[in-house]
There are 2 protein chains.
Amino acid sequence: MYSYEYPRPALTVDVVIFSLRESRLQVLLVQRAEPPFAGMWALPGGFVNMDETLEEAALREMEEETGLKQAYLEQLYTYGEIGRDPRGRVVSVAYYALIPADARIRSEGGSDARQAGWFSAQALPALAFDHAEIIAYALRRLRYKLEYTAACFELLPDEFTLSQIQHTYEMILGEKLDKRNFRRRIQQAGIIEPTPHLRGGEGRPARLYRYRSDAVAEVKARRLFP
Amino acid sequence: MYSYEYPRPALTVDVVIFSLRESRLQVLLVQRAEPPFAGMWALPGGFVNMDETLEEAALREMEEETGLKQAYLEQLYTYGEIGRDPRGRVVSVAYYALIPADARIRSEGGSDARQAGWFSAQALPALAFDHAEIIAYALRRLRYKLEYTAACFELLPDEFTLSQIQHTYEMILGEKLDKRNFRRRIQQAGIIEPTPHLRGGEGRPARLYRYRSDAVAEVKARRLFP
DNA sequence: CCAAAAGTGTTTGCTCTACACCCATGG
DNA sequence: CCATGGGTGTAGAGCAAACACTTTTGG
C-alpha cells in the first residue's frame with residue numbers, strides 16, 4: 001500500500017502571527033534575503049524536521065522570530081499547489097498564532113538575521129509565494145473564530161477593560177458595536193470576572209477584568225434549519 | 001532559507017468518504033492486506049505524486065475506490081504526529097468527501113483489489129493508524145458544516161422530498177426536529193424550489209424539490225458578542 | 001376502510017436592537 | 001471647570017419554539 005521509493009514533496013510550515021499593536025491587528029513578516037522573491041516580505045516558516053511534529057515546527061519558527069515559546073496556535077490549511085514555490089514541489093502546512101498585546105517580543109530578526117517587521121493586516125506589502133492568500137484566509141478564520149468563541153482573549157493582556165475587548169472586536173470585525181449591548185452581553189456570558197484593579201489614564205478610571213479560564217465559551221450557532 | 005538536502009517526511013492523503021446508505025450516514029473503508037495493521041480497516045489513501053496537487057491526489061484515491069470522478073471535497077486537517085505510522089515519518093493530509101445517496105458506486109474494491117466496505121459512522125470497526133481520530137473529526141466538521149451551510153444537499157439526490165432533507169439532518173445531527181418548523185424554515189430560506197414531480201410509495205405522494213444552485217446558503221452565526 | 005406518510009398555522013416568550021445621558025477622574 | 005473615556009436601562013420588533021389535526025394515496 002505504501003512505498004518509500006517515491007520522490008517526496010518538501011514539507012514546510014508557515015505561521016501567520018497576529019498581535020494587537022498600535023491599536024491595530026498586525027501580522028509579523030520577515031524580509032527575504034535571497035531569491036526567489038528576494039527583498040519581498042514573507043511569512044515566518046521553514047522545513048519540518050524529521051523528529052518534530054507539525055505543531056512543534058510551527059512553534060519553533062515562531063520562537064525564532066519572536067522569542068516566545070508558547071501562544072495560541074491553530075492549524076489553518078495545507079497548501080499544495082504545484083507551482084507555489086518556483087524551486088520545486090513544496091507543500092506547506094500553514095498555522096496561525098495569536099499573541100497577547102503586552103507580550104514582550106524580541107524586536108529584531110531571529111536567528112537567521114533576517115529583517116522582521118509588523119504590518120497592519122489591512123495594509124500588507126507585496127508578499128512572496130502564495131503568502132498573501134494564506135494571510136487572507138487566516139484573517140477570515142480569525143474573524144470567524146471571534147464570532148463564536150472567546151479567541152479574543154488570546155490577543156489581550158491578562159487584565160483588560162471592557163472597552164479594550166470591544167475595541168478588539170471592532171478592529172478585527174471591522175465594524176462599530178453598540179457599547180451598552182456589548183457590555184450587557186459579555187457580562188451575561190459569564191466568561192469574564194472583575195478584578196479588584198482599576199486602570200487610570202485619561203477620563204474616569206476603568207474596571208479591569210480577567211478571563212475566567214473555566215469558562216465555556218462556545219456559542220451555539222444559529223442553524224440554517226432548526 | 002530553504003534547503004533541499006534535508007530528509008523529508010513522506011506525504012500522503014486520506015479521504016473520509018461519507019454517503020447516505022440504508023438510511024444511515026456511512027463511511028467507506030478499505031481492508032488492509034499487509035502489515036502494519038494487516039486485516040484492519042483504514043481510510044482510502046496513499047502517496048501524493050510529484051505532479052498532482054493535494055486535492056487531485058484525494059480525488060484520485062476516491063476514484064480508485066468508488067469510480068466517481070467528482071464529489072464535494074474539502075480539506076480537513078493535516079496529521080503529523082511522529083509515531084502515527086510505525087514504518088516511518090508519514091504526514092497525511094486528510095480530506096472528506098460527500099457523495100449523493102443515489103450515486104452509482106463501483107461495488108467492489110478499487111484498483112488495488114483491496115476489500116472495500118461501507119460502515120455506519122456510528123458503528124465503526126477497529127481502525128488502523130490514527131484513522132479513528134480522523135473520522136471522528138470529520139464527523140464533527142460535517143455536523144458543524146450542516147448547521148450553517150447547505151452542505152446537506154451534497155448528500156442528497158438531485159430531487160428529494162422535504163422529509164428526506166429532514167431525515168438527513170436528524171441522522172447527522174442525531175436529534176429529532178419539529179416537522180412544521182423545519183419545513184417553514186427551509187422553504188423561507190429560498191434555497192430549494194419545487195419540481196413538477198411527485199414521489200409515490202407508501203402513504204400520500206410527496207412533492208419533489210431541487211436545490212437552487214444560485215442559492216446563497218450561508219447563515220450568519222450568532223455571535224458570542226454583538 | 002385502514003395504514004402510512006404528507007402537509008399545514010397560530011400563539012407565546014425571548015432575544016436582539018436601537019437609543020441618550022450622567023459619572024469619575026486628571027489636568 | 002472642562003475634557004475624556006467609563007458606565008448604565010428600557011421599549012418595540014422580529015424570531016424561535018411548542019404544539020395536533022387533516023389530506024392523499026395504496027393495499
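Letters A, B, ... are given to chains in the order of the sequence lines, protein chains preceding strands, and every chain is numbered from 1.
- One can find a donor-acceptor pair under 3.5 Å joining the base of D:dG9 and the side-chain atoms of A:Arg184.
- If you take CZ of B:Arg199 and P of D:dT24, they are 19 Å apart, rounded to a whole angstrom.
- The nearest heavy atom of DNA chain D to A:Glu202 and to A:Leu198 marks one nucleotide each, and the one closer to the 5' end goes with A:Glu202.
- As a whole-Å value, the separation of A:Ile186 CD1 from D:dG7 P is 13 Å.
- Closest-nucleotide positions on DNA chain C for A:Arg204 and A:Arg180 were compared, and the one nearer the 5' end corresponds to A:Arg180.
- Spacing between atom CZ of B:Phe182 and atom P of D:dA17 amounts to 13 Å, rounded to whole angstrom units.
- Between B:Gln166 atom CD and C:dG7 atom C1' there is a gap of 12 Å when expressed in whole angstrom units.
- For A:Asp102, the CG atom is densely surrounded, since the number of other residues' heavy atoms within 6.0 Å is greater than 12.
- In this structure, the CG atom of A:Leu177 is 14 Å from the C1' atom of C:dA18, given to the nearest Å.
- For the 3.5 Å distance criterion, the side chains of A:Arg141 and A:Tyr137 qualify, holding a donor opposite an acceptor.
- The aromatic ring centroids of A:Tyr209 and A:Phe160 lie 6.0 Å or more from each other.
- The separation between A:Lys179 atom NZ and C:dC16 atom P is 21 Å, rounded to whole Å.
- For B:Lys145 and B:Glu74, the salt-bridge test passes: some basic side-chain N is under 4.0 Å from an acidic carboxylate O.
- Listed here is the closest heavy atom pair of A:Arg84 and A:Glu81: CG-O, 3.2 Å.
- Separating the CD atom of B:Gln187 from the P atom of C:dA6 is a distance of 14 Å, rounded to the nearest angstrom.
- Between the side chain of B:Asn181 and the base of D:dA18, a donor-acceptor pair under 3.5 Å is found.
- One interatomic measurement links the two molecules: CZ of A:Arg207 to C1' of C:dA24, which rounds to 13 Å at whole-angstrom precision.
- A sub-4.0 Å separation between OP1 or OP2 of C:dG7 and a side-chain N or O of B:Arg183 is present.
- The phosphate of D:dG6 has OP1 or OP2 within less than 4.0 Å of a side-chain N or O from A:Ser163.
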